[in-house]
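To start, the structure under review is shown below, and the notes come after it.
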Amino acid sequence: MTRYLVTGGAGFIGSNLIRHLLETRPTAEIVNVDALTYAGNLESLTDVADDPRYTFLRADICDAEAVAAVMDGTDVVLHLAAESHVDRSIVSDAPFVRTNVLGTQTLLAAALAAGVDRFVHVSTDEVYGELPWRDPDDGDPSAPMFTEETPIAPRSPYSASKAASDHLALAYHHTHGMDVVVTRCSNNYGPYQFPEKLIPLMITHALEDRVLPVYGDGLYVRDWIHVLDHCRGILAAADRGGAGRVYNFGGDAEKTNLAVVTTLLAILGKPTDRIEHVKDRPGHDRRYAIDFSRAAEELGWTPQVGFEDGMQDTVRWYLENPTWWERVKSGAYWEWMKEQYG
Ligand SMILES: NC(=O)c1ccc[n+]([C@@H]2O[C@H](COP(=O)([O-])OP(=O)(O)OC[C@H]3O[C@@H](n4cnc5c(N)ncnc54)[C@H](O)[C@@H]3O)[C@@H](O)[C@H]2O)c1
């Protein structure tokens, strides 16, 4: 048996990762450590909650005692717990520094003391900063992309806190010889994503016939990856990544926000006249694009889900699971969102 400690397993990517691990690895034992913040939702794991290979522990990753206790006997740490929403980090950044920096340090120290075999630190392409704008449809193969050698230059409190945690994780490798791998992935979409993020926000707002708020001119460019491809990447890095190496993952699908929203509306058969351009996010990064050739060469990983298929799949999931997202959208957090953004 391999014992995986998954942090943030009640979140969007963590819950998909736990389900994928249980489905594909009969010898996996999983301990999910999650504080259940507004973004953590055990309803995303009801179908696996009774699996004897799965255990849940409600704990804060900044709690050194709880973390040390649960680390004992762990083979591989898959560290996903984080404050993850850029907009929230603009309103209030202290929880981001606390969880993303102090929480990561607490986990690294406990993993070092326990002598775990491998620590996978799950990070983001946002640590690289922004690229100059380009039209994703211009077909220019020479357009710049983030590689693992791109200097770290975060521009939001969220990405700055993630960059700090990346440096700490790599410092544990260089200083203590700990077996650490860092992954940096582009924007994820798929089932169980909290509807504060672009794609589930737009799908669920469209289903409720609400106005669809798009930041600024809507021409911000992101690379979109299906969450299952990201999960496969995290496990490929855990299995075959080099100690102290960084791996980028992307979906090979650069799109403007406006193109994403119009694709969703076309799938839902809804008109585009509900799109409303709203006040821009401060410091909004223009473009992210990711070169994942290292992951392809060293890990044998490439994304498997095409953008159109992934979008169809995701829309179907939200159509089939209204109870999950209606509950999330009626909670206290949603009231906070309405106060902030109307
Ligand atoms: N969503 C994306 O597009 C994306 C892209 C690249 C990287 N990432 C990274 O992947 C990871 C997971 O992202 P996500 O989208 O699933 O986030 P999420 O916000 O959906 O989930 C985060 C989880 O962490 C838990 N958590 C927060 N603070 C905690 C604490 N102090 N102690 C224990 N648990 C805590 C929350 O309860 C929640 O379950 C993050 O590290 C994020 O930076 C996300």
Side-chain angles (χ1 to χ4, degrees), residues 5-19 31-45 56-64 66-67 70 77-89 94-107 110 120-128 146 154 156-166 169 182-201 222-227 229-231 233-234 237 246-251 253 260 288 290 292 310 314 328 333:
L5 175 60
V6 178
T7 70
F12 162 47
I13 301 170
S15 59
N16 279 285
L17 179 63
I18 288 172
R19 186 171 295 100
V31 180
N32 172 13
V33 174
D34 197 297
L36 298 182
T37 68
Y38 79 93
N41 186 354
L42 288 179
E43 286 177 21
S44 305
L45 289 163
F56 172 68
L57 172 73
R58 184 172 191 175
D60 187 326
I61 56 165
C62 300
D63 178 343
V67 165
V70 76
V77 178
L78 305 174
H79 172 36
L80 292 92
E83 287 292 340
S84 69
H85 190 36
V86 176
D87 288 340
R88 276 173 61 88
S89 80
F96 286 73
V97 175
R98 183 182 176 278
T99 287
N100 300 358
V101 185
L102 179 63
T104 300
Q105 180 273 326
T106 307
L107 281 167
V120 181
H121 174 65
V122 176
S123 190
T124 165
D125 62 350
E126 299 191 31
V127 301
Y128 296 122
F146 298 135
S156 74
Y158 162 67
S159 54
S161 67
K162 291 296 289 187
S165 64
D166 289 19
V182 173
T183 65
R184 295 188 181 132
C185 188
S186 60
N187 283 40
N188 286 220
Y189 66 89
Y192 300 102
Q193 187 168 27
F194 195 88
E196 65 186 351
K197 306 278 166 61
L198 181 72
I199 288 178
L201 180 80
R222 300 290 182 262
D223 173 77
W224 292 94
I225 181 171
H226 192 276
V227 64
D229 276 329
H230 186 193
C231 293
I234 293 168
V246 177
Y247 295 96
N248 286 350
F249 299 124
V260 169
Y288 304 146
I290 199 143
F292 54 81
T314 303
V328 173
Y333 177 70

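Remember, predicted model here, so these are calculated numbers, not experimental data. Count residues from 1 along the sequence. Just so you know, ligand 1 is whichever comes first in the structure, and atom 1 is the first atom listed for that ligand.
Defined by atom type and a distance below 3.5 Å, a donor-acceptor pair is missing between the side-chain atoms of His121 and Thr104. A donor-acceptor contact closer than 3.5 angstrom links the side chains of Asp166 and Ser123. Side-chain N/O atoms of Asn100 and Tyr158 include no donor and acceptor closer than 3.5 Å.
Ligand 1 places these atoms under 4.0 Å from at least one heavy atom of Asn187: 3 (O). For ligand 1, the atoms lying closer than 4.0 Å to a non-hydrogen atom of Ser84 are 17 (O), 18 (P), 19 (O). Near Leu36, the atoms of ligand 1 lying under 4.0 angstrom from a non-hydrogen atom of the residue are 37 (O). Residue Phe12 approaches ligand 1 through these ligand atoms, each under 4.0 Å from one of its heavy atoms: 15 (O), 16 (O), 20 (O). Of all atoms in ligand 1, listed by their number and element, those nearer than 4.0 Å to a heavy atom of Val122 are 10 (O), 41 (O). Each of the following atoms of ligand 1 lies closer than 4.0 Å to a heavy atom of Lys162: 40 (C), 41 (O), 42 (C), 43 (O).
Of all the listed residues (Cys62, Ser123, Cys185), Ser123 holds the heavy atom that lies closest to atom 7 (C) of ligand 1. One option in Gly11, Ala82, Ser165 has a heavy atom closer to atom 24 (O) of ligand 1 than any other, and that option is Ala82.
Of the protein's non-hydrogen atoms, the one nearest atom 42 (C) of ligand 1 is Tyr158 OH, 3.6 Å. Summary of contacts: the protein heavy atom closest to atom 40 (C) of ligand 1 is Leu80 O, 3.2 Å.
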### Message
Set out, in order, the CA-CA distance, both residues' side-chain angles and the distance that settles side chain to side chain donor-acceptor pair (under 3.5 Å) for Tyr288 and Asn187, then state yes or no.
### Response
CA-CA 9 Å; Tyr288 304 146; Asn187 283 40; over 6 Å; no
